[in-house]
Colleague: 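Structure incoming, see below.
Here is the naming used below: chain letters follow the sequence lines, and residue numbers restart at 1 for every chain.
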Protein chains: 2
Amino acid sequence: MSVTAPAGFRAAGVVAGLKPSGSPDVALVVNDGPQWVGAAVFTTNRVVGWPVVWSRLVVKDNVVHAVVLNSGSANVCTGPGGYEDVHRTADHVAGFLDVSPGDVVVCSTGIIGDRAPRERLIPGVTAAAAALSPDGGDDAARAIMTTDTVPKTVHVVRDGWSVGGMAKGAGMLAPALATMLCVLTTDAVVDPADVDVALRAATRATFDRIDSDGCMSTSDTVTLLASGASGVAVDRATLTEALTQACAALARGLIADAEGATHDIAVTVVNADSEDAAVAVARAVTRSNLVKAAVFGNDPNWGRVLAQVGTVPEEVAAFDPELIDVAINGVQVCRAGGAHEPRERVDMAAQREVHIEIDLHAGDATATVWTNDLTHGYVHENSAYTT
Amino acid sequence: MSVTAPAGFRAAGVVAGLKPSGSPDVALVVNDGPQWVGAAVFTTNRVVGWPVVWSRLVVKDNVVHAVVLNSGSANVCTGPGGYEDVHRTADHVAGFLDVSPGDVVVCSTGIIGDRAPRERLIPGVTAAAAALSPDGGDDAARAIMTTDTVPKTVHVVRDGWSVGGMAKGAGMLAPALATMLCVLTTDAVVDPADVDVALRAATRATFDRIDSDGCMSTSDTVTLLASGASGVAVDRATLTEALTQACAALARGLIADAEGATHDIAVTVVNADSEDAAVAVARAVTRSNLVKAAVFGNDPNWGRVLAQVGTVPEEVAAFDPELIDVAINGVQVCRAGGAHEPRERVDMAAQREVHIEIDLHAGDATATVWTNDLTHGYVHENSAYTT
């Protein structure tokens, strides 16, 4: 499973000592070819980690040989020394593989403002290089975890080729991209001109539509490596479809493991005047602390849903508030902007997933955005993270 | 104090039985003249209560004789019957005062989707009319409370005239306007052409800059009544200044009483390229659940502040992330985008107020937005509100 499921990849996950817990904290994923095609999508935050600054340049030529990742420090707001850390790390990996450092993507996750101790990071990379294995995908997935409680991996199998992947992220999950690191691998033979477009299309419909707590990270990176080792050539549409399936599974896994959450909430907007409008309305609802707290209390509070829909400006989404229907877990609690079926019929306690469907009666576009409930666990975890 | 502190006003607050708790729930404020000038500012939500629909029309001619307010039901999403309730209520008040129903502002606050029982509401209005008194301001302030723990009132005294006010609101506090009802009164002699402009200027710099939980209400209404009873004529600038002071005090009171909060957080952005940019950056920070949870944990997590600043698009606020300074309670924990003074120096536990100052080094504009921390109390109160 994970990133080593497709042919042509080795990976490792080791303990470098960056995390006080002593858990694995350095991961390495290497493409053994015969193709070395790559692409990546990054956070749109204006404050970014040095690894993002570095890796944006690495992927420009769509050639990537390896991805090295560490948890324990995000290497954000760390001054010029932080950039040197990135450069040294990439250099060190490149030395082992006999490739250019400019073909090594670097990803870091953890606390902002603290540098990882280089005397531990670099030996950690050495250990990871020594541990590289075609079975190392699961170890790598474990080494990128921060507040995650389980590793997230995926394997999407097609006819003679496949897509593998791993992701981390359990909070600060918000567009663009959740707070997450993700590495996708494929052994398909792909056109280098296709990978960037395919990866953007896949993340746009998946990672960009999860919004755990409305907070956008400084480090989000989704990297795709293609080895060509299957010998099966794949066109852009086919690649996009498989990547989208892989990303959707990983994104769903992130929401399912979100910090302190007791419910995963799918907010689906139907009959919007455009897909962008549907996304905007769904996102407004997923951003409401009042809606999220109500779901935690198993309270089908459709009034809070409508109040949130009403905050979306007219130029973004056309709708008449008096036509809106809201169904929660299939019970139409609101019809034409007013109370309809009794709220007592809604059972939210029975399962973790909650489905809120909003019918705008304004067109035929649909979109779903996932979020979590707002719980005591979330407050607890995020009030005690760095202290 | 409160709305009856200026000359020319009577008020009352009574128990109509709309609240299960048996607390006062109908308030009435009457302008006895000799001027009957009025204005109001409303929520910008597209989903609004019937009282907002009604009252927007009432204030169009800047003539207002009375404001009637109820808690217990917001009269939002209640169907055509809800509008009839508003009309009947205004009619009933107008009958007692021998004025036009079209000069009576109606405000409602409480749960969305439920109508107030008319057989209690109308007798409640009768009782309020019978109880009207020049000392009734405090009773009225108590009757508009929902989850508020204390009534919020203000009296700003000037030379021979004054501004009085009352407000309610303890959650769903977000722009435009917090979830709040507010009535302001003045005995100044004012030009009817000035009141709308003065009131908008005052609320824009005060109620529009508190953002307790990012949720915008469907019912927010700030109404100003001017009686002219002092005989002192006041120009627009003078009126605006006094109204702003009154609104600032009430807005600060709302934040201080926000649901479940343990900290009031002032996010001040200095040296922005425009006031709008300063407000946008400050608002982005006040909307971050991660920043708010960190403050609850007395954790001076400047990294989360910077990450949130970075989400503001370049076209909204110009700044270079590598120049930003952040001070928390006067300790400069971040300088030029990196760690500076040790975070241990920041004492957040000692007092309820927390001051976060962000220096963008991009201009000379400043703005402050207030919010609260994200606490277990907030989650508890908002997961159990309607059930």
Colleague: If I take atom CD1 from residue B:I112 and atom SG from residue A:C334, how far apart are they, to the nearest 0.5 angstrom?
Modeller: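 If we round to the nearest 0.5 Å, B:I112:CD1 and A:C334:SG are 10.5 Å apart.
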Colleague: Below 4.5 Å from any heavy atom of chain B, which atoms of A:S219 appear? Answer side chain, backbone, both or neither.
Modeller: neither
Colleague: I need the minimum non-hydrogen distance between A:G337 and B:C77, along with the two atoms involved.
Modeller: O-CB, 2.9 Å
Colleague: Would you say the side-chain atoms of A:N45 pair up with the backbone N or O of B:A307, donor to acceptor, closer than 3.5 Å?
Modeller: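 Indeed, once roles are kept as given, a pair shorter than 3.5 Å links the two residues.
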Colleague: Give me the atom names and distance for the closest heavy-atom approach of B:A293 to A:S383.
Modeller: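 For B:A293 and A:S383, the tightest heavy-atom pair comes out as O-CB, 3.0 Å.
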Colleague: By side-chain hydrogen bond (donor to acceptor under 3.5 Å, both in side chains), which residues pair with B:E322, not counting sequence neighbours?
Modeller: none
Colleague: Please determine, among B:D114, B:T311, B:V333, the option with the most heavy-atom pairs under 4.5 Å with chain A.
Modeller: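 Heavy-atom pair counts peak at B:T311.
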Colleague: Has A:R335 got more than 12 heavy atoms of other residues, nucleotides or ligands less than 6.0 Å from its CZ?
Modeller: no
Colleague: Within a strict 4.5 Å, meaning less than it, do heavy atoms of the B:V379 and A:Y378 side chains meet?
Modeller: no
Colleague: Between B:A74, B:P313, B:A339, which shows the greatest number of heavy-atom pairs under 4.5 Å with chain A?
Modeller: B:P313
Colleague: Which residue pairs satisfy the ring pair (Phe, Tyr, Trp, His ring centres under 6.0 Å) criterion with at least one member in residues 295-315 of chain B, sequence neighbours excluded?
Modeller: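 Only B:F296-B:H376 qualify under ring pair (Phe, Tyr, Trp, His ring centres under 6.0 Å).
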Colleague: Enter the distance from A:R304:CZ to B:T218:OG1 here, rounded to the nearest 0.5 Å.
Modeller: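 It is 11.5 Å, given to the nearest 0.5 Å.
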Colleague: Measure across A:P321 and B:V47 and return the closest heavy-atom pair with its distance rounded to 0.1 Å.
Modeller: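 Heavy-atom minimum between the residues: CB-CG2, 3.9 Å.
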Colleague: Tell me which of these, A:V312, A:V76, A:V295, A:T78, has more heavy-atom pairs under 4.5 Å with chain B than the rest.
Modeller: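 It is A:V312.
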Colleague: Do B:R46 side-chain atoms and A:V309 backbone N/O form a donor-acceptor pair below 3.5 Å?
Modeller: no
Colleague: Indicate yes or no: at least one non-hydrogen side-chain atom of B:N289 is less than 4.5 angstrom from one of A:N289.
Modeller: yes
